[in-house]
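As structure tokens, the structure follows; a few thoughts come after it.
Here is the naming used below: chain letters follow the sequence lines, and residue numbers restart at 1 for every chain. No experiment lies behind these values; they were computed from the predicted model shown.
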Amino acid sequence: MADYSNLHPLSAPADDAGAAPAESRKSRHFIQQIIDEDLNSGRVKGDIVVRFPPEPNGYPHIGHAKAIVLNFSLAAEYGGRCHLRFDDTNPETEDMEYVRAMKRDIHWLGFDWGDNEYYASDYFEQLYEMAKRLIEKDLAYVDSQTGEEIRATRGTVTTSGTNSPYRDRPIDESLDLLRRMREGEFDDGAHVLRAKIDMASTNMLMRDPVLYRIKKASHYRRGDEWPIYPLYDFAHPLSDAIEGITHSLCTLEFDVHRPLYDWLVEHLFEVPRPHQYESARLNLDYTVMSKRKLLTLVKDGRVQGWDDPRMPTLSGMRRRGYPASAVRRFCELIGVAKADNRVDVALLEYAVRDDLNTKAPRVMCVLDPIKVVLTNFEDGKVEKLEADYWPHDIGHEGSRSVPLTREIWIERSDFMEDPPKKFHRLSPGAEVRLRHAYIIRCDEVIKDAAGEISELRCSIDFDSRSGGGSSRRVKGTIHWVSVTEGVEVDVRLYDRLFSVANPDDVQEGQTFIDQLNPESLREIKAIIEPAAASEEPETWYQFERQGYFYLDPVAFEEGKRVWNRTVTLRDSWGRKQESVEAPKPKKAPKPAQEVPAEPVDPMEGLDSEEHSMAIELQTLYALTPEDAAFLATRDDERVFFKEAAATGDQPVAVANWLIHELRPLLSDEQMETPPVKPGHFSDLVALHSDKTLSSRMAREVLEEMITSGDAPNDIVERKGMRQISDEDALLGFVDEVLAAFPDRVAAYKDGKKGLIGFFMGQVMQKTGGSANPQVVRGLLQQKLD
RNA sequence: UGCCCUAUAGCUCAAUUGGCAGAGCGCCGGAUUCUGGUUCCGGAGGUUCUAGGUUCGACUCCUAGUAGGGCAACCA
């Protein structure tokens, strides 16, 4: 037997995650960039700590894998830790079974949380103390309204809510009520603990969110100890803080929770405190990811369980035969970002094939057999042929013996009576090589009464034996199995679960169930070569020319050997045939040429008062309508502008610099009392206009002005800034740069005009930003064109 | 209707933070191959959502839009 012990599913995780030298790390996703920044700036001292925080209420799926890989890889990359924390604050949905499944699947993926296994339910005591502290600080209160009342007074997205009548209840009273809630004195729903924030907030989450509810339910870990349970919004940030998490990563829909997260942590913890960052969850073509929908599939018997190989659950994928390393690889390939996405399954399949290519030994198995009689092969004889388990390019050792007999099976699709062009397989009179054996020629086609082909009669060229030194070559090689020596096996051919890419996108009156692919599972009998007939579970094979297959461990438990098709091989022939039969729809009929937007009138949205103000600004200062409209609608900016414009004689330039340069550097609060004096600002604009400063230099001075409050002339003086506009002085730099990059000069002359930006950048760098870019550009163009 | 997030190649993501628009997958072609697999080489594919503006220079900054997603559980 070939050595493929490295196939064990608990194989070690990729160890290439260790601290790689910075220059070898190509592109960094935004979370890595944040962490880099935090480490550099010293916001985070010591190791980074992240966490994977599932609620144990269902089976983990590929979406969880994305989060698991993200968090654990980050911890490994930065030499920090990743905690596994179960967010088990809702006793009604949670179960130990799911905890076990989660832990098993994380381990399967190859990650280890070591001692860092935590449960929010272990923090109940601490969280309760924090709730009390919040009340004491007058930041929370016990509300005795009903659920309906709370909901009704929360307001809507467009109207603000109203305060609860209990909002100003004395602190002692809330404290007492909370204590009695904890004692179990009240029934479910009688009271809740609410944060005292702002019922008028535009963020619904901040409208006095509920922190604790009474729920006399038995918790799978704490039993009946607690009649009250904290909600996610309370438990999660505080659990993060308790554990010293530095970076708390979650999915996009939690972004509106972040202000509450910050509010709680800031009121209850000291500075080194966790920060939450959100990234998009994974969507995958042709499947669904929501727990509810997955549960429906299981409950309604649409699939055979959580671990059905068509399911996107990790247990399903494992049973299907997706190696953990491939799943991990896939999670790395998809990246991390904030845009909603739907990933092409082709990427998953690529990761699986690429992984299995070097891991799965090759054997022969005929899925849809048709009989071939080798007419010149002695009846009853069994010729043992030695066959390598691996193709040459893989380079692994190992072979097995394959028996050849007079009657063999070949794949029905490998014969065509009337073949199309470039069909390299069997047809009447044509030759093909039997893999690991001989070249045969098809002499005769036998049909049954119904006209169906029942048997092919072929003759062997005995000089063409594989490895026998024959130089004969034929175009096609096909797989085969001996009729008498082959073994019948069960094979399950899986296809995508849904017939549309996005099953969530349904027409009226339909549900995702209506999108199920009725042919997602085909169970067939196949014939496998004897060497592979008695395998044990957790075995992968490539059935040559068919795909990768995995011996189903569940069926094996039940005493059956069933091969799951993990994934097909790439099939460029099949693809080509398909496109012949159904030619691609000619170029998508151009998406109804969008009407180019008309330039909008910048004055359009203004009310009459703003409008007349804008007119006034235009006539008084000769501003563009855009700039006038901008200033007309903003009081702080307009005041600043008028003052600055008054001290100089270039209102248009002042407006430009204010709107495009100064304003973006300032927060709204800063704009109210600008850190830059209008007169100074006007001076700066003048310095730019008279070409003392380049735009770049002026921007630099402006930033300095904001931080120091100094006059621009002082800064310029101090730094000795002065724009170089003299052609002769700049020519030297230009020549130097062009001489340093002859290949790029050639590329430019070849038409890659964008390189002008590169040359500009180089010259600007060499001159410390003091060159007059207009002059430089002119010089460059003169030299290059 | 309010607030928040997002928009770059068919898909998923980059772009040294204002200076050459790239990668992987997918697709097409060629070479190699006893798997129509693998590997190697090459190619096509871009209105950087739109329109204006600032700038020597805009995927990046400003303005106004458009489209998609999220938020009104005592779920997480």
Exercise. Under 4.0 Å between any heavy atoms, over every strand shown, what does Pro602(A) touch: base, sugar-phosphate, or nothing? Just pick one.
Key: nothing

Self-check item: Pairing nucleotide - C74(B), Watson-Crick or G-U, each distance under 3.5 Å
Solution: none

Quiz item: With sugar-phosphate meaning primed atoms plus P, OP1 and OP2, does Ser695(A) contact a base, only sugar-phosphate, or nothing at under 4.0 Å between heavy atoms?
Solution: sugar-phosphate

Practice problem: Return the orientation label for the Phe254(A) and Tyr232(A) ring planes: parallel under 30°, perpendicular over 60°, tilted otherwise. | Solution: tilted

Practice problem: Sequence neighbours left out, what passes ring pair (Phe, Tyr, Trp, His ring centres under 6.0 Å) with Tyr548(A)? Give chain and number order. | Solution: none

Quiz item: Which part of the nucleic acid, if any, lies within reach of Thr89(A) when heavy atoms closer than 4.0 Å are counted: base, sugar-phosphate only, or nothing?
Solution: sugar-phosphate

Quiz item: Does the side chain to side chain contact (heavy atoms under 4.5 Å, CB included) test come out yes or no for Asn656(A) and His688(A), once each step is laid out?
Solution: CA-CA 12 Å; Asn656(A) 258 340; His688(A) 175 246; over 6 Å; no

Quiz item: With syn defined as a glycosidic torsion within 90 degrees of 0 and anti otherwise, which applies to A72(B)?
Solution: anti

Exercise. Quickly work out the Asp255(A) CG to G70(B) P distance and round it to whole Å.
Key: 11 Å

Quiz item: Is the distance from OP1 or OP2 of G69(B) to the nearest side-chain N or O of Arg281(A) less than 4.0 Å?
Solution: no

Quiz item: What is the base-pairing partner of U66(B), counting Watson-Crick and G-U wobble geometry with both distances under 3.5 Å?
Solution: A7(B)

Quiz item: 5'-most contact on RNA chain B: Tyr548(A) or Ala190(A), nearest heavy atom basis?
Solution: Tyr548(A)

Quiz item: If you look at every strand shown and take non-hydrogen atoms under 4.0 Å, does Arg207(A) touch a base, only sugar-phosphate, or nothing?
Solution: nothing

Self-check item: OP1 or OP2 of G36(B) under 4.0 Å from side-chain N/O of Arg545(A)
Solution: yes

Self-check item: Distance-only donor-acceptor test, Asp354(A) side-chain atoms vs G37(B) base atoms, 3.5 Å
Solution: no

Exercise. Searching all strands shown, indicate the nucleotide that pairs with A23(B) (Watson-Crick or G-U wobble; both distances under 3.5 Å).
Key: U12(B)

Exercise. Check whether any side-chain N or O of Asp88(A) sits under 3.5 Å from a backbone N or O of Ser121(A) as a donor-acceptor pair, and report yes or no.
Key: yes

Practice problem: Would you mind classifying the nucleic acid contact of Ser279(A) as base, sugar-phosphate or nothing, using non-hydrogen atoms under 4.0 angstrom? | Solution: nothing

Practice problem: Describe the nucleic acid contact of Glu253(A) in one word from base, sugar-phosphate, nothing, applying a heavy-atom distance below 4.0 Å. | Solution: sugar-phosphate

Exercise. Assign Val210(A) to base, sugar-phosphate, or nothing according to its heavy-atom contacts below 4.0 angstrom with the strands shown.
Key: sugar-phosphate

Quiz item: How close or far is atom P of U38(B) from atom CG of Asp355(A), stated in whole angstroms?
Solution: 14 Å

Quiz item: Taking atom types as they are modelled, is there a donor-acceptor pair under 3.5 Å from the base of G57(B) to the side chain of Arg777(A)?
Solution: no

Practice problem: Looking at every strand, decide which applies to Arg353(A) at a 4.0 Å heavy-atom threshold: base, sugar-phosphate, or nothing. | Solution: nothing

Quiz item: Base, sugar-phosphate, or nothing for His257(A), non-hydrogen atoms under 4.0 angstrom?
Solution: base

Quiz item: When you check the phosphate oxygens OP1 and OP2 of U38(B), does a side-chain N or O of Arg570(A) lie under 4.0 Å from one of them?
Solution: yes

Practice problem: Assign Arg472(A) to base, sugar-phosphate, or nothing according to its heavy-atom contacts below 4.0 angstrom with the strands shown. | Solution: nothing

Practice problem: Report which part of the nucleic acid Phe254(A) touches: base, sugar-phosphate, or nothing (heavy-atom distance under 4.0 Å, all strands). | Solution: base

Quiz item: Can you find an N or O donor on one side and an acceptor on the other, under 3.5 Å apart, linking the side chain of Arg362(A) with the base of U35(B)?
Solution: yes

Quiz prompt | Whether Phe543(A) and Phe549(A) hold their rings parallel, tilted or perpendicular, with breakpoints at 30° and 60° | solution = parallel

Exercise. Quick one: label Arg342(A) by what it contacts on the DNA or RNA (base, sugar-phosphate, nothing), any heavy atom closer than 4.0 Å.
Key: sugar-phosphate

Self-check item: Pro664(A) side-chain proximity, nearest of G52(B), G36(B), C62(B)
Solution: C62(B)

Quiz item: Checking only heavy atoms, does the side chain of Gln542(A) share a donor-acceptor pair with the base of U35(B) at less than 3.5 Å?
Solution: yes

Practice problem: Report yes if at least one side-chain N or O of Gln762(A) is closer than 4.0 Å to OP1 or OP2 of U16(B); otherwise report no. | Solution: no

Quiz item: Just checking Lys752(A): base, sugar-phosphate only, or nothing, at a heavy-atom cut-off of under 4.0 Å?
Solution: base

Quiz item: At under 4.0 Å between heavy atoms, what does Leu569(A) touch on the DNA or RNA strands: base, sugar-phosphate, or nothing?
Solution: base

Quiz item: When the nearest nucleotide of RNA chain B is assigned to Pro773(A) and to Gly761(A) on a heavy-atom basis, which residue is associated with the more 5' position?
Solution: Gly761(A)

Quiz item: What is the base-pairing partner of A31(B), counting Watson-Crick and G-U wobble geometry with both distances under 3.5 Å?
Solution: U39(B)

